[in-house]
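Note that the numbering runs from 1 along the sequence shown for the chain. Side-chain atoms are counted along with the backbone in the values below, which use heavy atoms only and exclude waters and symmetry mates. Keep in mind that this is a model prediction, so the values were computed, not measured.
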Amino acid sequence: MDSTLKCSFLLVLLGLVVNALCLTDSEHCENVVKKWALTSLDHEVKNNKHTLKDLLFFLHVPRTGGRTYFHCFLKKLYSNSLECPRSYDKLRFDPSKEKCRLLVTHDDYSITSKLPRDRTSVVTILRNPVDRVFSTYEFSVEVGARFLVHPNLTSAMQMTGRLRAKTKGVSTLDIWPWKYLVPWMREDLFARRNARKARRTNDVKSSDPYNMEDIVMPLLNYINDPIAHEIVHNGATFQIAGLTNNSYLPKSHEVRHCVDKYKNLGEYVLQVAKKRLDNMLYVGLTEDHRESATMFANVVGAQVISQLEESNAIGKEAAVNKSELTTSFSDSELDSNDHQNPNSDEKGNETTSSSDDNEVKQENMTVRKLMETYEVCISSLRKTQAHRRIASLKRIAPANFTKEARLQVPQMVIQRIQSLNNLDLELYEYAQGIFAKQHNEGAEKLFDTETLGSMFNYSGCLDWWIVSLKTHFAPNQQMSLH
């Protein structure tokens, strides 16, 4: 055989082998993802999702404002003795405590494999994916900047290690996803500061805080980094599907790898996430903060009050544990008001209040009282977080993240964020539909006196719900989403 012809034949044969291997890998991945999806949907418990069950699991998607619901709603209802061990981002869940009633965590949906699924109600909040990416970037930088008080990275890490060894509280560095994102930003901030020192200049070429590479990693670099691909993008979808890199599911890494390699397989993940939203007791939206909070108080809060009254658990250990609040909130976020600038001293008190706001007498709790308590609590939390944010961002001046600065980010960057979060965008749109349906069902129940009698057993509950609905519904009109 002619050598040229022989070479050509071998190349064709090699191409066929490579193509066959690729096809086999593609088919393998499709089988893996399909099997996971079918198994996940089979495990969904089919019962009355509108009724609060024995255990309430708040699946906290990062940067959605869930921390305010924890402190300003749930901590006002559930005593410390009713919280599940390690229940708020405290490393990994230990289900050994009997009769715990509340679990609030950044753990993904796979944690339900450790819970009594037929006795568990799930709630969550979703946020516009583009805004959530912005907020995740900003918070990663903000917390990383706190370490710049140290002369160098080594000193910062040593001090952090000593403090964590001495305290019982939980640091941001213990919490998913910040245990990955904050060290990444911390190291980057020190490297850029060292580079400025080496150049012996603090001159900054850009006025755009999202593209100020002399000070902080530009947003475009951040969203294109493999770490962001692994943890941030489509994060809500993967968290609700139970497929984060923090998953309890043994097969999660392989499923995520296949979806990352073959983008079309993401549709299976999306369908699982949508089905799980369908089965949740409550789905809130960060952008509709007031309406979501009112709905939460009436849909979830009212049932918690009724349930705990019946079990005689409400009112016991009603005060929020101040030491827990101090350690946990010091590393928390308030998404519904990321950019606040109060003219006050930058050294904010670590606790949320020095008054009796942290203590709630719950013997006669109603939805009205719960909402009033929530308003006071969230105002205090916002002020505290604003203090911390201002103090942190001063360390990376002139970089300062504001709503106005976000509007100046090039459209190309926004489009890139959208393309990287296509699953989250579709899931968010789906959640908006669920949110509208929740309001419609609430409107219908206003005219169902029998239902009202069972739902609103406490003075002041109904009027809050009516006020909320009136703000959203004109006669014979559906709510318009914005």
Query raised in the report: Around H253, counting heavy atoms of other residues, nucleotides and ligands shown, do more than 12 lie under 6.0 Å from its NE2?
Result: no

Query - Residues R389, E138: salt bridge by 4.0 Å N-O rule - result: yes

Query raised in the report: Ignoring hydrogens and geometry, is there a side-chain-to-backbone donor-acceptor pair from N234 to L420 under 3.5 Å?
Result: yes

Query raised in the report: Would you call H289 and I378 a side-chain contact if the rule is heavy atoms closer than 4.5 Å?
Result: yes

Query raised in the report: Is it true that atom CE of M280 has more than 12 heavy atoms of other residues, nucleotides or ligands lying nearer than 6.0 Å?
Result: yes

Query raised in the report: Could you state the interatomic distance from CG (L115) to CG (D54), rounded to the nearest 0.5 Å?
Result: 12.0 Å

Report task. Answer yes or no: is there a side-chain heavy-atom contact under 4.5 Å between Q438 and E291? Result -> no

Requested in this report: Determine the minimum heavy-atom distance between L281 and L56, stating which atoms define it.
Outcome: CD2-CD1, 4.5 Å

Query raised in the report: Does a donor on one side chain sit under 3.5 Å from an acceptor on the other, for Y428 and E287?
Result: yes

Query raised in the report: Counting N and O atoms only, with roles assigned by atom type, does the side chain of E30 sit under 3.5 Å from a partner on the main chain of L265, one being a donor and the other an acceptor?
Result: no

Query raised in the report: In Å and rounded to the nearest 0.5 Å, what is the OG1 to CZ distance from T160 to R146?
Result: 11.5 Å

Requested in this report: Quick one: closest heavy-atom pair of P151 and R193, and the distance?
Outcome: O-NH2, 3.0 Å

Query - For the student: nearest non-hydrogen atoms of Y374 and C72, plus distance - result: CD1-CB, 3.4 Å

Report task. Give a yes or no on whether the backbone of N221 and the side-chain of D225 come within a donor-acceptor separation of less than 3.5 Å. Result -> no

Query - Closest approach of V409 to L219 (non-hydrogen atoms, all atoms of both residues) - result: CG1-CD2, 4.4 Å

Requested in this report: Could you tell me whether the side chain of R127 and the main chain of L285 form a donor-acceptor pair under 3.5 Å?
Outcome: no

Query - pair M217-R192: side-chain heavy atoms closer than 4.5 Å - result: yes

Query raised in the report: Is there a donor-acceptor contact under 3.5 Å from the side chain of S379 to the main chain of V376?
Result: no

Query raised in the report: Without hydrogens or angle criteria, can the side chains of E142 and Q385 be said to hold a donor-acceptor pair below 3.5 Å?
Result: yes

Query raised in the report: With a 6.0 Å cut-off on ring centres, are W178 and F139 close enough?
Result: yes

Report summary line: In this structure, OG of S110 is separated from CD of Q239 (nearest 0.5 Å) by 9.5 Å

Query - Heavy-atom check, side chain of F147 versus side chain of V182, under 4.5 Å - result: yes

**Report entry** Beyond-backbone contact of L249 with W36, side-chain heavy atoms, under 4.5 angstrom
**Finding:** yes

Requested in this report: Mind listing the closest non-hydrogen atom pair of A236 and L126 along with its distance?
Outcome: CB-CD2, 4.0 Å

Requested in this report: List the atom of G242, the atom of S247, and the distance in Å for their closest heavy-atom pair.
Outcome: O-OG, 2.8 Å

Requested in this report: Look at the rings of F296 and Y282 and say which category their plane angle falls in: under 30° parallel, 30 to 60° tilted, over 60° perpendicular.
Outcome: perpendicular

Report task. Decide if atom CD of E187 counts as having more than 12 heavy atoms of other residues, nucleotides or ligands within a radius under 6.0 Å. Result -> no

Query raised in the report: Will you find, in the side chains of D108 and N246, an N or O donor that is under 3.5 Å from an N or O acceptor?
Result: no

Query raised in the report: Would you say the side-chain atoms of T286 pair up with the backbone N or O of G65, donor to acceptor, closer than 3.5 Å?
Result: no

Report task. Starting from the C-alpha separation in whole Å, work towards a yes-or-no answer on side-chain contact (heavy atoms from CB on, under 4.5 Å) for K53 and T120. Result -> CA-CA 5 Å; K53 301 178 180 60; T120 301; 5.8 Å; no

Query - Parallel, tilted or perpendicular: ring planes of F134 versus Y210, cut at 30 and 60 degrees - result: perpendicular

Query raised in the report: D424 side chain to G235 main-chain N or O, any donor-acceptor pair under 3.5 Å?
Result: yes

Report task. Taking atom types as modelled, find out whether K75 and N80 have a side-chain donor-acceptor pair closer than 3.5 angstrom. Result -> yes

Query raised in the report: SG/C84 to NZ/K114 distance, rounded to the nearest 0.5 angstrom?
Result: 13.0 Å

Query raised in the report: So, the side chain of N194 versus the backbone of F190: is there a donor-acceptor pair under 3.5 Å, distance only?
Result: yes

Query raised in the report: Under 3.5 Å, side chain of K49 to main-chain N/O of D278, donor-acceptor pair present?
Result: yes

Requested in this report: Report the distance from atom CG of L277 to atom OH of Y430, rounding to the nearest 0.5 Å.
Outcome: 7.5 Å

Query raised in the report: Side-chain donor-acceptor pair under 3.5 Å between Y222 and S140, yes or no?
Result: yes

Report task. Check whether any side-chain N or O of R132 sits under 3.5 Å from a backbone N or O of T64 as a donor-acceptor pair, and report yes or no. Result -> no

Query raised in the report: Are any of the side-chain heavy atoms of P209 and Q408 separated by less than 4.5 Å?
Result: no

Query raised in the report: Passes side-chain contact (heavy atoms from CB on, under 4.5 Å), D214 versus D203? Steps please.
Result: CA-CA 8 Å; D214 294 311; D203 291 342; over 6 Å; no

Query raised in the report: Side chains of V413 and I223: does their closest heavy-atom pair fall under 4.5 Å?
Result: yes

Report summary line: side-chain contact (heavy atoms from CB on, under 4.5 Å) filter on L270, not counting sequence neighbours, yields T237, E267, K274, L423, E426, L427

Report summary line: Rounded to the nearest 0.5 angstrom, the OG1-CG distance for T105 and L59 is 8.0 Å

**Report entry** ring pair (Phe, Tyr, Trp, His ring centres under 6.0 Å) pairs, two or more places apart, involving residues 110-129
**Finding:** none

Query - Side-chain heavy-atom pair I111, F57 within 4.5 angstrom cut-off - result: yes

